[in-house]
Student: 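Please find one structure pasted underneath; my questions will follow.
Position 1 is the first residue of the sequence; numbering continues from there.
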Amino acid sequence: MTPTREAAERLDGTDPLAPLRKRFMLPDGVVYLDGNSLGPMPTGTPDALEHTIHQQWAPHLIKGWTDDGWLDAPLRVGHRIGRLLGAAPGQTIVGDSTSVQFFNALTAAARLRTDRTVLLVDADGFPTDRYLASSVARLLGLTLREVPMSGLAEALASDADQVAVVAASPVDFRTGELWDMRALTKAAHDAGAVTVWDLCHATGALPLALDEDRVDFAVGCSYKFLSGGPGAPAYLYAAERHHPVADQPLTGWLGHSAPFDMTSEYQPAEGISRFRIGAPHVLSLTALDAALDVFDEATVEQIRAKSLALSEFFLACYDDQLAGLGFELVTPRDPGRRGSQVTLRHPAAGRLMDTLAERGVIGDTRPPNLMRFGINSLYVTYTDVFDAVAALRLLAESGEFGS
Ligand SMILES: *Cc1c(COP(=O)(O)O)cnc(C)c1O
C-alpha cells in the first residue's frame, strides 16, 4: 500500500478506536505526537476535578478523607492501574513520583538479597533511575554495575552469585526499542536476583503480565500514556509474595498498620499498604482516576494492535517521503521489538523539531540528535501520522529550519 493521505483517511474510517479520540482535548490544527512525555487532557478531567473540589472538599472538609474515599484512593486507583499491568488486585499503590517509587522499590528489592553485593542497572535507562541507583548503592554499600540492555542477560550470568537486583525498562525512552521483560525476569530469577521494572513507556501502551511473568517490583508514571495530567502520581507494583517481608525505606505514617493510633514505633501495614508513604494527592488522583475511564472502553490488546499499525504506517511514510533527506531510523522495524514511538536521528534534530512545532506538529527531541514521535492509539490518527511526516519532508527539503 502506498502511504497516501487518502490511504490514511481510509484507515481512520475503519479504525474501531477512532471514536475514543473525542475523549481528549486536542487543540485544532495540532498533530500531537508527544503523549509519551505528557498526555493531553481527557475531556472528563475538568468535571471530575470540579466535583472533588465543589462537592467534596468544600462541603465535607476533613470528612472527605473518609466519606469521599480520599484515604483509600491510592489503593482504589492502584487497582485500576493494576489491570493494565496484568496484576491481581492488592499489589499496586499510587502516589508520589516515579523517582520516589523507584527509590523505594529498588531499596526494598535490595533488602531482600542482603547476602549479595551488586545492583545491575540498564545503562540506557532514564537518567533518574541511574542517579537513584547510584545513591541506593552508596546507601546500602553495594556496587553499581551499569550495562546496556543487550548485555543484561550476559552480565547476570557472569555475576550470577553477586547480583542482588536488576533494574531496567522494557521500552527504551530514547529509541523506542522493546525488550523481553518475561525472558529477562526469568534470567534474573535464574541468577537469584530480584527485578525492578520501570514501566513509564509501557503501561497503557502495551499488554503487560506482571503476575504471570513473576515480576518482583515495578514502577511507572501516569502522566505519559495514561494522560493523568501534569504532576499525576506514579504507581508501584509489589508482588504479593514479597509483602510479608518487604522493607521499604520511606516509612511514612500511612504505611503504618494503624496510622491513626499515632504510636511511637513503626509497624508496617499488611499487604501493599506498607508501600504507602504520606497523605494521598487527592486532586491529582482525581484527575488520574478520570483519565483511566477511557481504558474501560478499549483493551490493551486493541491499543497495542493499533499502535503497531500506526507505527508501521509511519515507517511506510518514512520510506516513501524521507529517504535521502539525512534521516536515520532508530526504532526497530521488527514490530516485536518496537514500543509505542518512532525515533529518527538527524544532525539538526532540535531545530527541525522546533520548526515543526511552529507548524503544528508536536514531538520532542533527546540529545544529541534524536527526534521522538510518540504514538498513543487512543487519540493519534493515521492522518496525523501522514501529516507529521509530510510536514517533516517539506521542512527538510526546504532547508528552512535555521542553522
Ligand atoms: C518519564 C520517566 C520517568 C519520570 O520520573 P518522575 O519521577 O515521574 O519525573 C522515570 N522513568 C522513566 C523511564 C521515564 O520515562
Side-chain angles (χ1 to χ4, degrees), residues 1-13 15 17-18 20-22 24-41 171 173-176 201 205 224-225 227 303 306-333 335 338-366 369-402:
M1 176 192 58
T2 315
T4 58
R5 198 163 199 285
E6 290 66 40
E9 284 167 2
R10 269 199 309 279
L11 287 164
D12 284 329
D15 165 23
L17 298 190
L20 298 180
R21 179 176 167 94
K22 60 178 185 300
F24 295 87
M25 274 292 302
L26 290 155
D28 286 339
V30 166
V31 172
Y32 195 59
L33 300 176
D34 208 7
N36 52 339
S37 244
L38 180 72
M41 189 185 78
V171 181
F173 77 102
R174 290 188 184 89
T175 65
H201 288 272
K224 292 174 184 165
F225 285 93
S227 303
I303 291 171
K306 181 179 168 190
S307 162
L308 284 178
L310 283 166
S311 52
E312 202 68 49
F313 189 73
F314 194 118
L315 299 187
C317 294
Y318 167 84
D319 289 336
D320 193 47
Q321 302 197 44
L322 297 180
L325 291 173
F327 294 94
E328 182 195 334
L329 177 67
V330 175
T331 305
R333 283 186 185 268
R338 197 155 77 225
S340 211
Q341 73 184 47
V342 174
T343 303
L344 305 179
R345 183 178 284 121
H346 191 284
R351 282 178 283 122
L352 280 168
M353 201 54 107
D354 288 348
T355 313
L356 213 50
E358 286 162 17
R359 298 181 183 187
V361 177
I362 302 178
D364 63 21
T365 54
R366 289 293 175 263
N369 53 15
L370 299 180
M371 307 178 74
R372 301 195 311 171
F373 298 93
I375 290 177
N376 185 327
S377 33
L378 295 173
Y379 51 81
V380 173
T381 63
Y382 295 90
T383 319
D384 283 341
V385 168
F386 181 88
D387 290 348
V389 177
L392 187 53
R393 189 205 60 207
L394 269 180
L395 185 58
E397 275 177 351
S398 73
E400 288 165 8
F401 47 88

Student: Can you name the closest pair of heavy atoms from L392 and L352 and give their distance?
Tutor: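 Minimum heavy-atom contact is CD1-CD2, 4.4 Å.
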Student: Measure from the side-chain N and O atoms of Q341 to the backbone N and O of D34, and report whether any donor-acceptor pair falls under 3.5 Å.
Tutor: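 Flag not set: sc Q341 to bb D34 has no pair under 3.5 Å.
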Student: Could you walk me through whether D384 and R21 pass the salt bridge (Lys or Arg N to Asp or Glu O under 4.0 Å) check?
Tutor: CA-CA 12 Å; D384 283 341; R21 179 176 167 94; 3.0 Å; yes
Student: Just by distance, do the side chain of R338 and the backbone of R333 share a donor-acceptor pair under 3.5 Å?
Tutor: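 Indeed, once roles are kept as given, a pair shorter than 3.5 Å links the two residues.
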Student: Tell me if a side-chain donor or acceptor on T355 pairs with a main-chain N or O of F401 at a distance below 3.5 Å.
Tutor: no
Student: Hey, can you tell me if F313 and F386 have their rings parallel, tilted or perpendicular (30° and 60° cut-offs)?
Tutor: tilted
Student: Quick one: does any side-chain atom of Y318 pair with a main-chain N or O of L329 as donor and acceptor, under 3.5 Å?
Tutor: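 Yes, the answer is positive, given that a donor and an acceptor are paired below the 3.5 Å cut-off.
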Student: Give a yes or no on whether the backbone of T343 and the side-chain of R174 come within a donor-acceptor separation of less than 3.5 Å.
Tutor: no
Student: Do any N or O atoms from the side chain of N369 and from the backbone of A349 form a donor-acceptor pair under 3.5 angstrom?
Tutor: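 No, the answer is negative, given that no donor and acceptor are paired below the 3.5 Å cut-off.
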Student: With salt bridge (Lys or Arg N to Asp or Glu O under 4.0 Å) as the criterion, how do E6 and R10 come out once you've worked through the C-alpha distance, each side chain's angles and the decisive distance to 0.1 Å?
Tutor: CA-CA 6 Å; E6 290 66 40; R10 269 199 309 279; over 6 Å; no
Student: Given 3.5 Å as the limit, does a donor-acceptor pair link the side chain of S377 with the main chain of I303, or not?
Tutor: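 Yes; at least one donor-acceptor contact below 3.5 Å.
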Student: Once the angle between the rings of F327 and H346 is folded into 0 to 90°, is it parallel (under 30°), tilted (30 to 60°) or perpendicular (over 60°)?
Tutor: tilted
Student: Test your reading of the model: is there a side-chain donor-acceptor pair from K306 to the backbone of A18, 3.5 Å cut-off?
Tutor: no
